[in-house]
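Inspection log for the structure reproduced underneath, given as structure tokens.
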Amino acid sequence: MALYESIAFALFAVVTLGSALGVVLVRDVWHSALLLGVSLLSVAVHFVMQQAPFVAAMQVLVYVGGVLILITFAIMLTRRDSDTTVDEVGA
Amino acid sequence: MAGIYDLVPAIAALPLASFVIALFAGKDLPKKGALPGILATAGSLALSLAVAVTVFTTGEGFNQNLYTFVAGQDTFSLHLGVLIDPLSALMLVIVSLIATLVHVFSLGYMNDEGETGLPRYYAGLGLFTFSMLSFVFANNILMAFMFFELVGLCSYLLIGFWFREAGPPSAAKKAFLVTRFGDYFFLVGVVAIFATFGTGAFAGSESFPHLAELALEGEYDVNTFFGLGEQAWFTVLGLLVLGGVMGKSAQFPFHTWLPDAMEGPTPVSALIHAATMVAAGVFLVARMYGFYALSPTALAIIALVGGFTALFAATMGVVKQELKQVLAYSTISQYGYMMLALGSGGYVAAVFHLTTHAVFKALLFLGAGSVIIAMHHNENMWDMGGLKDKMPVTYWTFLSGSLALAGIVPFAGFWSKDEVLYEALIHGLGTEGGLGIVLLAAYAMGLLAVFFTGFYTFRMVYLTFHGEPRSDIARDPEPVRWNVKGPLAVLGVLAATVGFINMVPVKKVTGLEIDYLHQFLDMAPEAYLTNVHHYTELLETDAFAGIHAATPLGEVGTVAASAAVSLGLALAGVLAARQLYNAPQPVEHTDRLGRVKTILMHNYYQDEYQVWLARDVTVPFAGVLDTFDQGIVDGVVNGASSVSRTAGRQVRKLQTGVVTNYAALLTLGLVLLLAAFAVVGGWV
Amino acid sequence: MIATEWYLMLSAGLFCIGLLGILMRRNALIFLMSVELMLNAANINLVAFSLQHGNLSGQVFALFGMALAAAEVAVGLGIILVLYRNFGDIDVTSPTTMRW
Amino acid sequence: MWIEALILSTLVASGIVLLAPNRYAGKLAAALSLAPLALSGIMWLNYDAAGNALLGGDMAYETTTRWVEFASYGLNWHVGVDGISMPLIVLTTILTTLAIVSAWTPIDTRQSQFYGLVLFLQAGLLGVFTALDFFVWFIFWEVVLVPMYFLIAIWGGPRRKYAAIKFFVYTNIASLIMFVGFLTLVFSMGPSVRAIDLTQVAQLVRTPGVVEGIAGFSPNTVKLFAFTLMFLGFAVKVPIVPFHTWLPDAHVEAPTPVSVLLAGVLLKMGTYALLRFNFTMLPGVVRDYAALIAVFAVVSVIYGALLALAQQDLKRIVAYSSISSMGYVILGLVAYTTHGVGGATFQMLSHGFISGLMFMVVGVIYNETHTRMVGDMSGMADRMPWTVGIFVAAAFGYMGLPLMSGFAGEVLVFLGSFDSTISPLFTAVAMFGIVIVAGYLLWAMQRTLFGPFDLETEYEIRPRPSTTWHRWWCCCSVWSGWVSTLTSSTV
Amino acid sequence: MTGATLLELPEYAAVAPAVIMIVTALLLLVIDSISPEPGENDRLALNAVAIVGAVTALSVSAWFLVAGTGQTEGPISLFEGALVVDGMALFFSIIVSSVTVLVLLAGYDYAAGDRYQAEYQTLVFLAASGMILLGMANSFVAAFLSLELASLPSYALVAYLKHNRGSVEAGLKYFLVGALSSAVMLYGISLVYGVTGTFQFAAVAEAIADTGLVGILGVGIVMIVGGVAFKTASVPFHFWAPEAYEGAPAPVSAFISSASKAAGFVLAFRLFVTAFPIGVVEGVVDWTLLFLVLSIVTMTLGNFAAATQENVKRMLAYSSVGHAGYVLIALASVTTGSDGYALGAGMAHLLVYGFMNTGAFLFIALTEYWDVGRTFEDFNGLGWEAPVACVAMTVFMFSLAGLPLGGGFVSKYILFGAAVRSGLWWLAVIAAINSALSLYYYSRVVKAMWIDDPEGSFEIESYPVGIYAAIVIAAVVTVLLLPGFGLVSEHASAAASALV
């Protein structure tokens with residue numbers, strides 16, 4: 001049990017951190033937003049593993065259902081037509 | 001008889017009243033303030049005479065504090081008070097007499113000449129007289145200092161009377177500054193005397209001279225400073241006070257102000273030189289003679305300074321062209337004699353010479369004033385000549401004064417100068433060690449000066465009155481009125497006769513007790529410890545001054561020899577002058593002196609180096625300080641301000657406006673704090 | 001049960017990654033997302049410690065945290081939109097009219 | 001309630017004048033300033049206190065009311081007068097009235113503000129000299145800066161803004177440093193002090209063993225430290241060399257009536273405070289470091305005088321001479337003998353009157369000639385005899401001529417300091433100041449007042465009948481008081 | 001109403017000040033929704049309601065404070081200890097609501113032409129309620145929630161002038177730094193929770209007494225300090241402040257620089273005294289040392305940067321940073337077994353500061369209203385055009401600088417005294433030098449207004465009643481707080497003493 005748990009934790013930890021890094025590092029802000037969704041969802045998995053299913057549910061609802069949509073919306077509103085792929089130069 | 005003594009303050013208060021009246025109401029008075037002045041000084045004279053007579057007849061004095069202006073708690077108090085003893089009584093008479101005559105003379109010299117600013121003039125005279133009289137009867141050294149300074153102020157005001165010209169204000173400034181420089185030492189001395197003895201009283205058993213005497217005898221404890229022994233410290237004190245004396249009495253090297261002071265009106269010169277300012281210095285030494293008599297070093301220095309000044313000033317008088325300049329140097333020279341007398345233990349001689357000098361110098365100055373009126377304020381003797389017949393009163397009285405000055409028997413100056421030299425001689429011969437040698441050296445210089453005195457005096461007389469008139473004005477001089485002649489006459493008679501009050505040689509020869517002045521001065525009440533025999537006692541105590549008299553030719557022989565030598569030298573001087581200058585058209589013989597003439601004409605470059613000290617040393621030094629102050633001291637202040645602003649401009653740069661940088665700095669700050677506190681708190 | 005330390009490390013990592021995003025990127029939206037990551041890191045902690053301490057207050061706080069994060073995003077997006085309208089893009093380094 | 005009435009009447013007068021029309025402001029201010037003048041006069045006459053109240057002397061017109069409670073501390077409205085402050089109060093009221101009158105001619109813009117600020121300044125000064133609670137005192141101490149800043153900066157000379165801000169910031173920083181010093185002393189006494197009342201603090205500080213260590217310092221270090229900070233603070237105000245450079249600028253740029261108050265009263269604040277705080281509370285430190293302080297005093301005297309010698313501007317000369325004169329006060333204080341302290345107190349008064357008079361006279365000359373440079377004029381005595389006469393009188397007062405008040409102060413200081421814990425050499429050197437002061441004043445007078453008349457500026461000199469009142473002022477200042485010496489020397 | 005009758009009120013009535021604020025905010029929204037296109041009458045009504053609401057909150061707070069609510073009978077603890085009402089909470093409630101009243105008064109004219117006035121006022125009220133609650137917060141939950149409640153409306157308020165680039169830029173920077181700071185703080189809270197297992201301040205203090213996890217606790221505490229530093233605009237979390245204060249509408253600048261700062265400090269006071277008593281955490285994080293460092297850096301940076309500004313508003317912004325440094329002295333001076341002197345001094349200074357700083361920013365609002373420009377030179381000669389306002393501004397400036405024209409003098413110096421008292425005399429010296437420097441730049445404003453000659457003429461057409469009223473009230477209170485400082489100090493020191 002503990003082993004599976006550990007494997008699961010390790011896996012999702014990698015997913016969380018990896019996608020978080022992706023949020024920070026990818027150039028396209030769209031991709032960032034999507035990776036943020038991945039990261040937040042994997043955090044929800046951690047919550048479940050910590051016997052906080054309600055919090056996990058809220059995490060999914062609030063973040064993925066609310067925050068991410070808001071961010072997506074904002075990206076749409078602020079994206080300039082000319083450069084659809086690259087919206088920034090350098091890091 | 002306390003009654004008359006209660007009026008002593010009035011002697012000074014009367015001229016003060018005349019000062020106030022002249023200052024505030026002088027414009028509206030008929031003689032512009034002269035009349036209150038004459039009345040006041042005459043009143044002072046009357047009171048002074050009454051006081052002197054009282055002292056003479058009763059042999060009592062008066063020594064009392066009248067007003068305490070600082071009451072010390074647990075420490076000494078400061079008072080104003082009156083000390084009347086023969087010395088001050090005599091001086092009061094002299095001062096008020098001269099002042100009265102000067103006031104009268106001023107009517108002729110100032111009023112008749114139509115000067116402007118007369119109320120100011122008479123106010124100055126009144127204040128001058130007031131200050132000097134108060135100084136004379138001061139019973140403590142602080143009060144003496146106060147009026148001593150005021151005398152300086154008055155001289156400033158009066159010398160600079162003609163302020164619209166360039167010369168007088170400069171001369172006034174110089175007079176005040178040089179005497180102030182001396183007064184600085186005096187004030188240090190005064191303060192030190194208070195600190196040492198806790199009192200500044202002149203007379204009585206609680207006076208500082210007496211306490212010093214007791215201290216030297218080991219019967220009294222005083223504070224001394226700088227780790228000096230008592231004798232040495234008292235010498236220092238005496239020398240400090242002497243600084244003021246030398247400044248006021250124009251002793252070398254502080255004499256430079258006096259010739260310049262001739263820029264003032266001539267009656268003022270008379271007052272300054274004869275009775276007030278210059279006399280104040282010598283009077284002060286006489287006043288506290290009990291203190292000086294304790295210190296052989298101080299006495300030696302006094303004598304040496306006096307003798308040297310007497311000779312030094314006399315040589316410069318030889319070449320002067322202005323009438324008043326000659327008189328100015330003669331004044332310096334004569335006060336040198338007085339100092340010589342004081343330094344060599346001749347207290348009576350000094351006072352005697354002070355008295356006679358007051359009379360004949362006032363006379364000479366007033367006479368010069370008369371000549372100046374006649375000459376329309378041209379003072380160059382080479383433009384005069386032949387005035388003898390045009391103004392006989394002036395001539396004869398002036399001659400009387402000149403004879404007195406030259407020391408020709410039986411005029412006043414002879415008796416006093418002779419006594420001065422005699423005292424110096426016998427004490428120089430009788431005293432052991434360095435002091436004796438110093439006294440002899442001083443005597444030698446004084447003796448030599450006698451010749452020069454005779455010479456320049458009669459050079460002046462011959463150039464002015466004899467020969468042919470050398471200018472148009474001299475041919476037709478302005479007549480003078482009674483108000484000029486009157487004072488001259490009074491003084492002329494006095495100059496011839498006042499010497500009889502103390503004919504020591506005659507006494508020695510004949511044995512008659514005619515040394516009245518000596519007796520008078522010796523009448524001071526015992527309790528005051530200011531009488532002559534007390535001084536003599538002190539002088540002759542070896543623990544103190546240790547001055548002794550010696551008469552190698554016997555008393556009579558010595559006195560006769562001394563008188564003969566000095567008279568001979570004086571006559572030689574007179575004859576030399578006659579030889580050179582008693583001609584219808586005298587010529588300048590000074591060229592024969594060669595380079596010496598240049599030096600003499602420039603007064604040995606004394607002015608030059610003093611001016612150099614002031615103008616080329618002090619002022620540039622102040623300028624350097626000013627630069628330092630503006631540059632460094634103020635620079636630091638301004639620098640702090642600009643450093644702050646520069647720092648501010650740098651700090652501002654931190655706020656780049658880019659929010660990413662803010663986040664970075666914020667993170668950096670947080671990390672730094674975490675790191676620092678991790679170390680401090682020992683978290684790891 | 002996974003030891004709390006691991007969660008602490010996870011959250012620390014997440015926090016640092018968020019911080020990294022803030023420091024590296026100039027896009028305001030990425031900035032916002034990075035902040036969300038940091039808040040999530042705190043939430044992981046809270047939930048983990050809640051389990052460890054056996055009380056629910058940590059979870060409750062985590063819920064509050066989420067709500068506030070959402071509100072913050074809402075306000076933030078509003079500001080980003082006016083930023084876009086005024087400055088033409090959403091580069092956080094472009095508005096520097098005020099500095100020093 | 002006398003003191004309250006005194007301060008309040010000044011404040012009310014200030015308010016009224018501020019709102020009055022410009023045309024009447026001057027006369028109105030003068031009239032209203034008579035109220036505090038009269039009050040202080042009555043107080044002076046009914047005065048029955050003597051000595052330094054902090055040392056157990058008597059106190060008159062004292063009132064105490066609780067003002068602020070804070071933690072375990074209390075601040076009181078505590079005012080009163082004693083032998084030190086009473087003369088200074090009278091000095092303030094007299095000088096203010098005279099400054100107001102002397103401003104009638106030169107101040108021709110924004111009069112109501114000017115006079116209002118002058119009266120406000122007076123209120124602050126009166127407060128400084130009466131307050132006995134530290135905080136109340138400190139309020140007045142600082143409030144003085146405000147009107148002074150405006151008075152210099154609005155009505156001053158060409159470099160007025162620079163001078164004003166320099167004065168403002170320099171003296172403010174000094175006050176703050178002093179403040180830290182005093183509080184260190186107070187708090188080092190731990191719970192034994194519950195009110196920073198000067199009388200209490202002074203008593204306690206002088207009680208052995210009350211001062212404890214603070215922040216790792218030993219009691220003696222604390223005392224020395226507090227003394228140093230307070231001394232630094234007050235040294236700027238006095239000012240003592242080398243903290244003096246605000247003064248020449250401020251004096252020169254300030255309009256004449258303000259210079260009068262600045263030199264006449266404001267400088268006294270520094271010495272007053274030194275006396276009240278440093279010398280009364282920490283005599284032990286004074287004893288230990290007397291020589292050092294005396295060096296400051298002597299340097300101030302000589303250095304200030306020499307600088308005055310180097311100046312060309314009459315006002316600057318007087319300004320630097322003030323530094324010199326205040327050096328005597330410090331010398332008298334540090335000697336800490338009866339005559340020394342008495343002389344210092346009296347010197348404060350006499351310098352107040354005389355320097356005030358000097359500034360007024362220079363102001364009159366400037367008003368007539370529009371120059372103050374020594375080289376620009378000569379022979380002024382020809383055209384303005386009375387003014388020049390007063391100038392001469394004041395100058396001689398400055399030189400310390402006997403029978404004028406300057407002498408009394410100086411000579412008492414000398415007498416007091418010669419035989420004291422400090423070496424007499426200090427006194428002897430400081431006394432040389434009397435020669436230098438004569439040097440530069442006489443030099444300046446000779447150049448400007450005497451000699452043939454000449455004026456470089458094109459202004460015509462009008463006859464000035466209005467200087468008559470100066471005469472009385474002159475008498476008052478120059479002769480100001482052998483009588484008052486009596487009282488002040490009993491300090 | 002006496003204390004006895006007050007006790008008859010239910011305990012939860014003690015949060016009334018905050019509730020009144022929230023209710024007023026809702027009321028305003030309701031009025032606005034009734035009439036979305038406001039006319040003159042609606043404007044009056046809106047402002048009347050707003051001002052009445054704020055004044056009510058102020059009066060209730062003052063009444064409670066005077067009546068002794070939460071003081072005589074001990075602190076009133078509510079919601080399981082999440083909130084506490086005591087003297088300090090009420091004291092800060094007074095500060096916040098006073099500033100709110102002034103800001104709203106000024107807003108009457110400042111936002112006169114604005115269609116969204118109700119929103120503006122609502123945001124102000126919500127932020128104010130958050131600040132008041134921050135003063136009452138007694139657990140991390142309440143603290144964090146109220147902090148955000150105070151912050152979020154503030155972000156919006158700063159960016160309120162949505163067509164003004166400065167305002168938007170300011171809002172962005174404020175928001176970004178704020179979001180970062182709150183994340184940092186939340187993370188810190190989570191760490192402390194991890195160590196202690198509780199959010200309750202008092203319980204935290206108990207729990208950390210015997211914990212071994214000093215490292216985590218230390219990091220947590222320092223991160224929480226970060227959050228506090230952000231709210232109080234202290235270095236290094238101050239970067240938002242100069243821009244936010246400069247760019248925001250002047251009344252908002254007044255609001256966040258006075259009320260918000262005070263709220264940040266009340267949180268800090270309560271947090272560090274009750275949750276992390278110095279006696280307990282000294283070995284982990286000597287936070288007095290921490291605040292000492294922050295204090296020195298903050299005041300020095302603020303004052304030095306202010307000294308060289310050309311823009312008056314920005315100068316005030318930096319000076320506000322400097323003042324945060326002064327108040328930090330209060331925290332730095334807290335010692336083991338201290339008696340409330342230091343904290344009381346800080347509280348008193350914040351109250352006085354609330355009035356003088358708000359007044360100063362409102363004066364800027366006035367000049368913005370007149371459009372006279374922003375630099376010192378633009379103010380030249382203004383004093384003779386608008387004497388009343390300029391006299392008030394002079395009072396503010398000198399009072400801020402620590403000259404005795406206002407209460408700022410006493411409070412500032414009592415604060416400096418606190419440093420000396422705890423042995424930090426050198427801190428007091430640094431503060432003194434800073435204070436003197438501040439005199440330099442404050443006096444530049446005064447110099448410009450009264451002393452320098454104007455270059456052109458001013459075109460001042462109207463004298464807005466609301467702003468004038470606010471400025472005059474602020475000035476009068478500032479002046480009266482000098483003689484009347486006893487009223488303030490008594491409560492401040494009592495509240496502080498009750499806390500420690």
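Note: hydrogens, waters and symmetry copies are ignored here, and every other heavy atom, side chains too, is used. Throughout, a chain's letter reflects where its sequence line sits, starting with A, and its residues are numbered from 1.
Heavy atoms closer than 4.5 Å to chain E are found in both the backbone and the side chain of D/I173. Of the two parts of E/S443, the backbone and the side chain both hold a non-hydrogen atom closer than 4.5 Å to a non-hydrogen atom of chain D. Using a 4.5 Å cut-off between heavy atoms, D/F182 does not touch chain E at all. Residue E/Y440 touches chain D through both its backbone and its side chain, counting heavy-atom pairs closer than 4.5 Å. Only the side chain of D/I165 comes within contact range of chain E, judged by heavy atoms closer than 4.5 Å. Residue contact with chain D, scored on non-hydrogen atoms closer than 4.5 Å, is absent for E/L437. Neither the backbone nor the side chain of E/L487 comes within contact range of chain D; no heavy atom of the residue lies under 4.5 Å from a heavy atom of that chain.
Considering only heavy-atom pairs separated by less than 4.5 Å from chain D, the leading option among E/G417, E/A428, E/G344, E/P404 is E/P404. Of the listed residues (E/A401, E/G340, E/A432), the one with the most heavy-atom contacts under 4.5 Å to chain D is E/A432. Considering only heavy-atom pairs separated by less than 4.5 Å from chain E, the leading option among D/W141, D/F140, D/F179, D/W77 is D/F179.
Checking D/L185, D/T184, D/V186 one by one against E/V420, the side chain to side chain contact (heavy atoms under 4.5 Å, CB included) holds for a single residue, D/T184.
Looking only at side-chain heavy atoms (C-beta outward), E/F485 and D/L75 stay at 4.5 Å or farther from each other. At least one side-chain heavy atom of E/R421 sits less than 4.5 Å from a side-chain heavy atom of D/Y73. A 4.5 Å side-chain heavy-atom check between E/V410 and D/F135 finds at least one atom pair inside the cut-off. The shortest distance between side-chain heavy atoms of D/V146 and E/F398 falls below 4.5 Å. Residues E/V488 and D/F70 fail the side-chain proximity criterion, which asks for heavy atoms closer than 4.5 Å.
Close placement of the E/W425 and D/F225 rings is indicated, their centers lying within 6.0 Å of each other. Taking the six-membered ring for Trp and the full ring otherwise, D/F168 and E/Y442 have centroids separated by 6.0 Å or more. Ring centroids of D/F138 and E/Y413 are separated by less than 6.0 Å, placing the two rings close together.
The shortest heavy-atom contact between D/R160 and E/I451 is NH2-O, 4.3 Å.
Partners of E/I430 according to the side-chain contact (heavy atoms from CB on, under 4.5 Å) rule, which considers only residues two or more places apart in sequence or in another chain, are E/I296, E/M299, E/T300, E/W426, E/N434.
Atom-to-atom distance recorded for E/L439:CG and D/Y170:OH is 15.0 Å, nearest 0.5 angstrom.
For the pair D/R110 and E/W384, the cation-pi criterion (under 6.0 Å, within 45° of the ring axis) is fulfilled.
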